[in-house]
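In what follows, a structure is listed as structure tokens, so that the remarks can point back to it.
Numbers here simply count residues along the sequence, with the first being 1.
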Amino acid sequence: MANNKDNKPKNGLKIQSILYILLFIGFGYILLKDDGSELTGEATYTEFKEYMEKGYVSNLVVYSNMGAMDMYIKPDSARYVFGDRAVAQPMVKPMLNVGVGSLDNLQEFIDSLEQTGQFTGEVEYRKRSHTFTDILVSVFPFVLIIAFWIILSRRMGGGAGGGGGVFSVGKSKAKVYEKGQADRVTFKDVAGQAEAKTEVEEIVEFLKNPKKYTDLGGKIPKGALLVGPPGTGKTLLAKAVAGEADVPFFSLSGSDFVEMFVGVGASRVRDLFRQAKEKAPCIIFIDEIDAVGRARGKNPAMGGNDERENTLNQLLTEMDGFGTNSGVIILAATNRVDILDKALLRAGRFDRQIHLDLPDLNERKAVFGVHLRNIKLSKNVDVDLLARQTPGFSGADIANVCNEAALIAARHNKKAVDKDDFLAAVDRIVGGLEKKTKVLTADEKRTIALHEAGHATLSWFLEYANPLIKVTIVPRGRALGAAWYLPEERQITTKEQMLDEMCATLGGRAAEELFTGHISTGAMNDLERVTKQAYGMIAYAGMSDKLANLCYYSSTDEYAFQKPYSDKTAETIDSEVKALIAQQYERGKKLLLEHEEGHHQLAQLLIEREVIMAEDVERIFGKRPWASRSEEILEEDKPAAESTPVTENHDHVEP
């Protein structure tokens with residue numbers, strides 16, 4: 001069977017090549033059949049009589065079995081018959097084809113002209129058979145039309161080997177994976193999602209050993225929906241199921257059902273489940289199901305017909321309708337579960353929702369272990385440290401870090417990928433490309449240094465602020481400078497922690513105002529983050545005196561087009577947000593004035609080196625008053641020797 005599948009594309013290419021050759025020959029024949037060697041045309045019987053009476057005709061060839069004749073014109077008379085064509089082609093044999101109604105009348109007419117001397121040429125009677133050229137001329141236009149239509153239909157069907165062209169537009173586009181493929185993905189290739197793996201492993205185990213569950217009266221879930229942020233491994237987990245299961249696996253995307261033609265989406269759904277029932281037990285995987293499973297009725301179609309809704313209705317019916325789908329398990333993946341139709345999420349269609357969250361510290365360590373298998377590592381690479389330095393990274397981000405580190409090492413002609421390459425890779429992914437050619441004036445550089453030193457100073461003296469790792473004023477991406485931290489991974493956040501983070505974020509703007517006498521647009525990103533955080537604290541988390549314990553956030557679409565509070569409450573929220581931000585801004589300025597000398601030393605060091613590490617900040621301010629677990633980790637990773645000056649070329653990066 002495998003050989004036949006492999007030969008289909010080759011046979012399709014051969015057929016398409018033959019069709020192209022036919023088209024080429026046909027157009028070539030049309031262009032070359034009138035090669036200019038003869039001056040030819042057609043004439044009516046009336047014109048024939050006129051030319052005969054005027055003496056323009058040299059001889060005639062009459063085809064008695066076809067009711068036609070060839071009338072040859074004298075060369076010196078051709079210009080009277082063909083006009084400019086005869087002038088342009090004087091060395092040709094002019095001839096006109098004439099239709100003959102009655103051979104007897106023709107002979108009488110010729111005899112009368114011969115008697116009067118108006119015609120002295122020869123008359124030859126022949127029987128003409130249909131030549132290959134005649135057949136080709138009559139048939140070839142239809143051949144060209146058919147060939148062009150076949151090529152067009154194959155294009156619409158997905159190219160060579162498309163499988164039916166326009167006739168397969170209603171067929172399912174699912175790819176079928178059978179057991180034993182060489183490049184299959186297994187559960188060993190999926191790391192960091194232990195709970196999700198357990199859920200899908202149970203589905204695979206049921207398909208392999210159903211008696212274990214049915215003896216106790218259990219039934220396998222009809223469907224499982226993989227939900228999680230982008231890059232967390234939903235599709236990878238589905239590939240692992242395909243690799244581990246001993247049953248056929250149908251894979252397709254939600255957009256494969258969507259088509260501009262009416263009824264095609266529903267037809268593809270029916271065809272998919274028909275194929276699945278024939279191969280049951282089996283698994284169907286629909287990736288990005290939100291493309292077809294969006295909630296109905298939100299945007300009613302203007303034309304009275306919504307093809308996407310019709311497709312969804314058919315999908316709902318096939319998944320759990322009157323028909324039986326025993327042995328067919330549905331897997332689907334989406335990162336937008338909030339917009340899916342409620343009927344699609346109910347038990348009986350998707351009995352389980354398997355959540356894949358961003359990996360925590362231990363899970364990131366396991367993910368790094370998977371992606372570092374094929375990379376030549378230096379001895380100084382610490383996987384634990386890499387996992388701690390990439391909080392908030394998804395599995396796809398970690399894969400990208402490993403790949404970027406290998407590319408950076410190769411760029412520097414290294415034999416193995418070392419720690420600095422991974423740090424540079426994290427810097428590249430999070431901060432963007434380093435812009436060494438960006439020109440800054442002395443005043444701009446000083447303002448940026450004061451700004452970043454303000455962040456570093458406040459984060460050093462605030463108890464709940466994230467531990468500082470590195471400060472830089474090297475432009476990277478859209479940022480002219482950045483302060484890098486190692487945040488603790490918290491499950492809940494207290495009001496005090498949020499206030500300290502807000503105060504540290506406002507430290508850049510506060511330092512600009514205090515020590516330059518003016519403010520700049522450099523704090524725009526800081527202000528955006530602080531404003532969103534403040535509104536979240538007041539309107540959602542109830543962290544306000546006037547609006548204590550009130551939450552105006554709705555996880556449903558009930559208040560999609562209206563505010564769930566009055567205008568007076570909105571004014572209260574605005575005033576509380578302004579007061580909260582102003583309070584933390586003044587708190588930040590007060591702290592900066594208390595440590596003004598150290599702040600200036602830090603800013604000057606930034607101007608000189610452009611990049612400074614936490615060790616340099618510690619030499620200026622002393623040991624941080626509050627040591628968190630993250631700082632204890634950094635202390636363990638700190639080298640025993642004195643820290644050497646760090647320049648922008650070292651690329652030491654922590655997020």
Side-chain angles (χ1 to χ4, degrees), residues 1-6 172-213 220-228 230-254 256 272-273 275-289 325 327-335 350-357 359 363-364 366-375 394-400 402-403:
M1 294 297 291
N3 293 333
N4 293 338
K5 291 180 181 179
D6 293 340
S172 169
K173 294 185 177 182
K175 296 180 181 178
V176 184
Y177 295 89
E178 301 288 353
K179 180 183 175 182
Q181 292 191 354
D183 57 345
R184 68 192 186 111
V185 178
T186 65
F187 286 132
K188 294 181 180 178
D189 300 313
V190 182
Q193 298 291 350
E195 295 81 5
K197 277 172 58 177
T198 302
E199 294 274 2
V200 295
E201 281 175 352
E202 187 179 44
I203 295 175
V204 174
E205 177 65 21
F206 182 92
L207 292 170
K208 291 181 178 180
N209 185 19
K211 195 172 184 299
K212 173 183 175 182
Y213 299 88
I220 192 65
K222 293 184 178 180
L225 182 64
L226 305 176
V227 181
T232 50
K234 299 182 292 297
T235 306
L236 180 65
L237 192 59
K239 289 181 179 179
V241 173
E244 294 282 352
D246 292 334
V247 296
F249 187 92
F250 293 82
S251 175
L252 74 165
S253 171
D256 289 335
L272 171 64
F273 279 85
Q275 295 181 41
K277 292 173 187 176
E278 291 174 355
K279 295 194 175 186
C282 65
I283 298 174
I284 296 176
F285 174 63
I286 306 175
D287 200 5
E288 304 297 344
I289 195 174
N325 287 325
V328 179
I329 298 174
I330 313 296
L331 283 181
T334 182
N335 51 24
F350 287 116
D351 298 315
R352 295 182 178 180
Q353 287 192 26
I354 304 174
H355 290 268
L356 286 79
D357 298 320
E363 291 174 336
R364 290 197 301 274
V367 175
F368 266 110
V370 171
H371 294 295
L372 293 176
R373 290 175 185 170
N374 300 323
I375 295 180
S394 66
D397 293 330
I398 292 174
N400 196 18
C402 296
N403 185 61

Let me see the working for F273 and I330 under side-chain contact (heavy atoms from CB on, under 4.5 Å), right down to the final yes or no.
CA-CA 10 Å; F273 279 85; I330 313 296; 3.7 Å; yes
Over all atoms of both residues, closest heavy-atom pair of N335 and G228:
CB-O, 3.0 Å
Verdict with supporting geometry, S394 and D397, side-chain hydrogen bond (donor to acceptor under 3.5 Å, both in side chains):
CA-CA 5 Å; S394 66; D397 293 330; 3.1 Å; yes
Atom CD1 in I286, atom OG1 in T334: separation rounded to 0.5 Å?
11.5 Å
How about CG on N209, more than 12 heavy atoms from neighbouring residues, nucleotides or ligands closer than 6.0 Å, or not?
yes
Exercise: identify the closest heavy-atom pair between A276 and I284
CB-CD1, 3.6 Å
Of the non-hydrogen atoms in P281 and V247, which two are nearest, and what is the gap between them?
O-CB, 3.3 Å
Would you find a donor on one side and an acceptor on the other, under 3.5 Å apart, between the side chain of N403 and the backbone of N400?
no
Applying salt bridge (charged side-chain N to carboxylate O under 4.0 Å, His left out), run through K239 and D287 and close with a yes or a no.
CA-CA 11 Å; K239 289 181 179 179; D287 200 5; over 6 Å; no
Closest approach of L237 and L356, non-hydrogen atoms and distance?
CD2-CD2, 4.2 Å
Kindly indicate whether the side chain of I203, heavy atoms from C-beta on, has any atom under 4.5 Å from the side chain of V241.
no
Taking every non-hydrogen atom, the tightest pair across V227 and K234:
C-CD, 4.0 Å
Do the side chain of E244 and the main chain of E201 share a donor and acceptor less than 3.5 angstrom apart?
no
Do R352 and E202 sit within salt-bridge range, that is, some charged N less than 4.0 Å from a carboxylate O?
yes
Min side-chain heavy-atom separation L225-I354 under 4.5 Å:
no
Should D357 and E195 be marked as a side-chain contact (heavy atoms from CB on, under 4.5 Å) after you check the CA-CA gap, both sets of side-chain angles, and the distance that decides it?
CA-CA 10 Å; D357 298 320; E195 295 81 5; over 6 Å; no
Do Q193 side-chain atoms and P359 backbone N/O form a donor-acceptor pair below 3.5 Å?
no
F249 and A238 have their tightest heavy-atom pair at CZ-O, 3.5 Å
